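Working notes, beginning with the structure itself.
Keep in mind the model is a prediction, meaning the values are calculated, not measured.
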Amino acid sequence: MITSVVVCGTVVLRHLMMPPEFLHSTIIQGACIAAIMAAPISYFVGLKMMDINILAEKLEYAVNHDNLTGACSRMNFHQRLESVEDQDMVLIMADVDHFKRINDRYGHKAGDHALKQFVTTLVRNCREDDVVARFGGEEFVILLKGVSRDEGEGTAQRLCECVRGKRIFADGQELQLTASFGVAEIMTVSQIDIALQMADLAVYRAKREGRDQVCVYDRTLDGEVVDARSAA
């Protein structure tokens with residue numbers, strides 16, 4: 001692109017500045033010289049543009065993903081909801097069991113490794129269009145689109161089993177990792193905040209009842225959820 005601009009500019013300048021009798025005899029040589037001089041500049045600018053594009057992609061990825069696990073960031077999770085049409089959906093909240101104990105016993109490096117492997121297990125056992133996001137610490141959220149509550153519960157049960165059966169090693173030691181899962185049904189994107197509260201309450205029940213299991217939100221067992229917007 002740059003080389004073409006330089007060559008064209010050279011030709012135009014020669015038309016404007018040189019007498020016609022000299023123009024035809026020198027136009028080809030002048031264009032060739034201009035192209036040779038512009039080629040290194042074009043190559044250098046092209047490399048810089050590639051570097052800028054790569055940096056922009058890395059920055060975009062860093063903004064949209066958790067830098068430790070590679071899961072979607074909380075902000076990106078809500079941004080992606082804007083393009084989701086209303087449909088049957090299920091929200092799954094997953095919380096790693098006794099994560100503080102892992103950090104205290106094996107160190108934070110082992111804890112980080114465990115979280116990475118945990119997310120890898122979730123992603124590999126979800127569909128491509130399911131959204132797996134880290135909401136903070138050892139808490140993760142999964143949005144399943146186009147599924148019923150029963151199907152969502154089945155997915156959560158399968159994820160729970162996969163996490164339980166995953167062998168994780170850190171510094172030569174095998175870590176036993178389990179997680180508690182809460183499931184909530186959601187009909188429209190506008191209900192996401194309520195669904196998050198429901199799934200969170202279900203996770204707390206799973207923790208109370210022994211961890212390493214799945215609980216589906218139940219109003220009788222978990223209590224009512226208040227819509228903060230209507231309460232305000």
Side-chain angles (χ1 to χ4, degrees), residues 54-84 89-145 147 152-153 155-184 186 192-193 195-200 202-204 206-207 211-215:
I54 292 173
L55 178 60
E57 291 176 358
K58 289 181 178 180
L59 288 173
E60 182 179 2
Y61 184 88
V63 169
N64 293 330
H65 295 82
D66 174 59
N67 61 357
L68 174 64
T69 64
C72 288
S73 65
R74 188 169 187 162
M75 180 183 69
N76 183 246
F77 175 84
H78 288 287
Q79 288 176 339
R80 293 180 65 171
L81 286 176
E82 297 174 1
S83 61
V84 175
M89 292 176 283
V90 167
L91 191 75
I92 300 174
M93 185 171 289
D95 193 286
V96 179
D97 295 328
H98 298 300
F99 183 68
K100 185 178 183 300
R101 186 181 299 175
I102 294 175
N103 277 335
D104 291 343
R105 182 174 181 179
Y106 301 102
H108 289 281
K109 183 178 179 180
D112 289 347
H113 180 70
L115 287 180
K116 291 177 184 178
Q117 293 300 308
F118 178 69
V119 170
T120 299
T121 301
L122 296 182
V123 172
R124 287 181 176 176
N125 291 279
C126 286
R127 302 171 302 177
E128 187 175 349
D129 63 340
D130 294 334
V131 183
V132 179
R134 186 182 186 187
F135 263 46
E138 62 271 26
E139 183 180 78
F140 297 83
V141 169
I142 307 164
L143 180 66
L144 310 178
K145 293 172 281 187
V147 300
E153 181 183 4
T155 298
Q157 291 286 3
R158 177 165 49 82
L159 291 174
C160 188
E161 293 172 5
C162 289
V163 171
R164 185 187 309 124
K166 176 71 174 177
R167 300 182 69 190
I168 298 176
F169 293 90
D171 294 331
Q173 301 183 80
E174 184 174 0
L175 311 182
Q176 179 60 51
L177 196 67
T178 63
S180 300
F181 292 78
V183 178
I186 175 174
I192 190 65
D193 290 335
L196 286 168
Q197 294 180 60
M198 291 177 174
D200 192 43
V203 167
Y204 276 118
K207 297 281 190 183
R211 296 180 172 82
D212 187 24
Q213 59 184 289
V214 175
C215 285

Tell me which donor-acceptor pairs under 3.5 Å the side chains of residues 110-128 have, and how far apart each pair is, sequence neighbours excluded?
{"from": "His113", "atom 1": "NE2", "to": "Phe169", "atom 2": "O", "distance (Å)": "3.1"}
{"from": "Thr120", "atom 1": "OG1", "to": "Lys116", "atom 2": "O", "distance (Å)": "2.9"}
{"from": "Thr121", "atom 1": "OG1", "to": "Gln117", "atom 2": "O", "distance (Å)": "2.9"}
{"from": "Asn125", "atom 1": "ND2", "to": "Thr121", "atom 2": "O", "distance (Å)": "2.7"}
{"from": "Arg127", "atom 1": "NE", "to": "Asp130", "atom 2": "OD1", "distance (Å)": "3.0"}
{"from": "Arg127", "atom 1": "NE", "to": "Asp130", "atom 2": "OD2", "distance (Å)": "3.3"}
{"from": "Arg127", "atom 1": "NH1", "to": "Lys145", "atom 2": "O", "distance (Å)": "3.4"}
{"from": "Arg127", "atom 1": "NH2", "to": "Asp130", "atom 2": "OD1", "distance (Å)": "2.8"}
{"from": "Arg127", "atom 1": "NH2", "to": "Lys145", "atom 2": "O", "distance (Å)": "2.7"}

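- Between Asp66 and Phe140, every side-chain heavy-atom pair lies at or beyond the 4.5 Å cut-off.
- Listed by first and then second residue, the salt bridge (charged side-chain N to carboxylate O under 4.0 Å, His left out) pairs that reach into residues 69-83 come to none, sequence neighbours excluded.
- The structure places CG of Leu91 at 10.5 Å from CG of Asp193, a figure rounded to the nearest 0.5 Å.
- Atoms CD and CD1, on Gln176 and Ile102 in that order, are 9.0 Å from each other to the nearest 0.5 Å.
- For the salt bridge (Lys or Arg N to Asp or Glu O under 4.0 Å) test, residues two or more places apart in sequence or in another chain that qualify with Arg167 are Glu174.
- Phe181 and Ala94 get closest at one heavy-atom pair: CE2-CB, 3.5 Å.
- The ring pair (Phe, Tyr, Trp, His ring centres under 6.0 Å) search around Phe99 returns none, not counting sequence neighbours.
- Residues Ala184 and Met198 approach most closely at CB-CB, 3.6 Å, considering heavy atoms.
- Interatomic distance, Ser180 OG to Glu139 CD, rounded to the nearest 0.5 Å: 11.5 Å.
- A distance of 10.0 Å separates CD1 of Ile92 from CD of Gln157, quoted to the nearest 0.5 Å.
- Within the model, atoms CE of Met93 and OH of Tyr204 stand 9.0 Å from one another, a figure rounded to the nearest 0.5 Å.
- Remark: Arg164 engages Asp212 in a side-chain hydrogen bond (donor to acceptor under 3.5 Å, both in side chains) (not counting sequence neighbours).
- Considering only residues two or more places apart in sequence or on other chains, Lys207 meets the side-chain hydrogen bond (donor to acceptor under 3.5 Å, both in side chains) condition with Asp95, Asp97.
- The closest side-chain heavy-atom distance from Met89 to Leu143 is below 4.5 Å.
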For this session: Mind running side-chain contact (heavy atoms from CB on, under 4.5 Å) on Ile192 and Phe77 for me, showing each step along the way?
Result: CA-CA 11 Å; Ile192 190 65; Phe77 175 84; 4.2 Å; yes
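- Rounded to the nearest 0.5 Å, atoms CD (Gln79) and OG (Ser73) are 7.0 Å apart.
- Of all non-hydrogen atoms in Cys160 and Ala179, the two that sit nearest each other are SG-O, 3.8 Å.
- For the side-chain hydrogen bond (donor to acceptor under 3.5 Å, both in side chains) test, no residue two or more places apart in sequence or in another chain qualifies with Thr155.
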